[in-house]
There are 2 protein chains.
Amino acid sequence: MARGFVTAEEVAKRAGVSRSAVSRTFTPGASVSQAVRRKVLKAARELGYRVNRLAQGLNNDRSNLIGVVGTNLSAPFISKQLDLLSIGLLRRGLQCLLLNAADARKDIAPLIELLFEFRAQAIVVLSGEPPSSIVDECIANGVRLILVNQRLDRTDTNMVLSDDSHGADLAALRLIAAKCQKVAVVSSASQTPAQVRRATAFTQRMQTAGVEVVAWSDGPTGYESGYQAGCEILRDKMIDGAFCVTDLLALGFLDAARIEMHRRVPEDVSVIGFDDIPQAGWKSYELTTIVQSLSTLTDNVLTALETDEPATRLQVVPVSMIERKTVR
Amino acid sequence: MARGFVTAEEVAKRAGVSRSAVSRTFTPGASVSQAVRRKVLKAARELGYRVNRLAQGLNNDRSNLIGVVGTNLSAPFISKQLDLLSIGLLRRGLQCLLLNAADARKDIAPLIELLFEFRAQAIVVLSGEPPSSIVDECIANGVRLILVNQRLDRTDTNMVLSDDSHGADLAALRLIAAKCQKVAVVSSASQTPAQVRRATAFTQRMQTAGVEVVAWSDGPTGYESGYQAGCEILRDKMIDGAFCVTDLLALGFLDAARIEMHRRVPEDVSVIGFDDIPQAGWKSYELTTIVQSLSTLTDNVLTALETDEPATRLQVVPVSMIERKTVR
DNA sequence: CAAAAAAATGCACACGTGCGCAATGATCTA
DNA sequence: TAGATCATTGCGCACGTGTGCATTTTTTTG
């Protein structure tokens, strides 16, 4: 009826006690008698009272808000990350303030400033590189900043990332073992730091082994780009292996190889991906790929979030290879 | 250095003006002279001042927070929905408070109450059915509630949903046109209202056309369930068509049909899905499916969010069929 | 039962902001 | 130039909560 929420004042009046009593009833560990507590709870229930967390956050310096910034929220890998992260936050009594950086692909600084305005306790960046000035500001304001799969050249920020170069190494070694003679590295035009690390580590390892490597990168990081890559790269009949820095690229590449370019996988061409998204395990693909353990990645993020004094600034999550059926 | 954020008071002192002047500088349309404005902005920049939105929300009854509740955030359909929604919210200057209902699958009431505590202006429910008492409370507190793909039997809530029964009708008619003799309806154990609507509408249409229908529903709503469904259902050699109430189910069914049960699609079996997730268009599948226009769905949600007096309580988004290659 | 200890309670302040109201200063009109 | 109009500015209150402090009530102790 009356628009707006009920306040502690009104509950106090109805229960016939002071407003402090109401506040204490809803504050764990505060000193209230059973009798008063009951009266307050009764009145609160009748009026539909809810503590105002925003007002709480005013004097308690803990807002309980955690900012999450990311792009490509519908991509399988990111969305799974967000799924796990939001579950973990909720379990810890923290709220997830989600900012989609799709519009601000290049500069996520305005988004982070927005989170400042909401007094976010901490900020998790799933994609996009924050400028150095923002990092300084986070530190100055006591806001913890956690960068996922992003490596900044400073030691005063939390970073959680997968062991990209080791993963690329595993892929390279496997393709060498498959006796590939000429291979492709497929990435996208966005050239994420993680993508670059994977591509360069792979290329380096292959070249030291004396295997010729051709690099391809164009378009957004998705299935279509991988498909296009496959169509273009496989015109060269000598190509007998490919490392795609992302599973989505790999799946597109696979379809191009089999359906458009009439190659048999793994007999003619071997393909390895990276991430192990659910679709990689689907029966039509059975992609051999590098596994990032999303649960440990997320656990590390959450740990970095709640620990008081961050002992380890840089956490590298180990990766492994899961062998399915796309490598000879 | 000093932990915590800078306040308007400190900016005022540094700029040599009153705190009100600072407030007015950051309030659009307030009356401030150019000279003062410049001084304030300078001081604010030097100190790294950010307006505290939580404090703003205290007297302005607009918190600018929109609660979003959902499960299965990593499922392609939901994640795309969340992607679009979060972009739209940001563009409108609204913040997205995301609550993952995975842990509270059955009862999302506690989550909505949590959103009350944060004084969310509105709440968007992507999945899960809120109890009627919560709906009442939303209305009492002036919180707009928007249910997506969920139909409640009351007229005082905003609901945006796809035209499930019409979509199921389209699927049925297409399978009849393909001269199917005995078909399956595949859904999951969760039996979402949307799933039920699709399945029953389909079954009814088929039966009036004199086509035998077998129903299957088990497991979570995902690829694996669809795969299992395919393996079990196709033991019956008479089955020559299937309607899966979700694309994920359909893709699993497809793989089971082709790879495990050695059927040709569409020659032996015709398959139709629902949702048109990105994977449905991948070359290995080319699934014929019912398209929900996610952009218009999201647009309707956003409209319902910002309009002052909700004229239309129930918005049904039209669906269509996209013909690919899985129906004869 | 009296004194001491403990628990419960209310008052008042603080948190950071927006805005109404009155006072001040500047600009315009005749 | 005097008066009127208008933009600018500061004061103080309100938003809803947590908590220190002093006071009152209850319980424990000897």
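Every chain is numbered from 1, with letters handed out A, B, ... down the list of sequences.
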Could you walk me through whether A/Lys80 and A/Asp275 satisfy the salt bridge (Lys or Arg N to Asp or Glu O under 4.0 Å) test, starting with their C-alpha distance in whole Å, then the side-chain angles of each, then the deciding distance to 0.1 Å, before giving a yes or no? CA-CA 11 Å; A/Lys80 187 66 191 168; A/Asp275 286 347; over 6 Å; no
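Between the side chains of B/Thr221 and B/Gln195, a donor-acceptor pair is found at a separation under 3.5 Å. With hydrogens and angles left out, the side-chain atoms of B/Gln56 and B/Ser63 include no donor and acceptor closer than 3.5 Å.
In this structure a side-chain-to-backbone donor-acceptor pair under 3.5 Å is present from A/Ser127 to A/Thr71.
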Protein heavy-atom contacts under 4.0 Å, written 5' to 3' over nucleotides 9-20 of chain D as B (base), S (sugar-phosphate only) or - (none), form the string BBBB-BBBBBBB
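At least one side-chain heavy atom of B/Leu147 sits less than 4.5 Å from a side-chain heavy atom of B/Leu152.
Of all nucleotides in DNA chain C having an atom under 4.0 Å from a heavy atom of chain B, the first and last in 5' to 3' order are C/dG16 to C/dG20.
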Atom pairs and distances, donor-acceptor, side-chain atoms in residues 28-40 of chain A, under 3.5 Å, two or more places apart:
from	atom 1	to	atom 2	distance (Å)
A/Ser33	OG	A/Val36	N	3.4
A/Arg37	NH2	A/Thr25	O	3.3

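Using a 4.0 Å cut-off between charged side-chain N and carboxylate O, A/Asp103 and B/Arg91 make a salt bridge. The pair B/Arg53-A/Glu117 meets the salt-bridge criterion, with a side-chain N (NZ, NE, NH1 or NH2) lying under 4.0 Å from an Asp/Glu carboxylate O.
Between the axis at the start and the axis at the end of the helix from C/dC1-D/dG30 to C/dA30-D/dT1 there is an angle of 30°, using five pairs per end and rounding to 10 degrees.
Scanning for side-chain contact (heavy atoms from CB on, under 4.5 Å) contacts around B/Ala43 gives B/Val11, B/Arg14, B/Ala15, with sequence neighbours left out. With sequence neighbours excluded, no residue forms a side chain to side chain donor-acceptor pair (under 3.5 Å) with A/Asp299.
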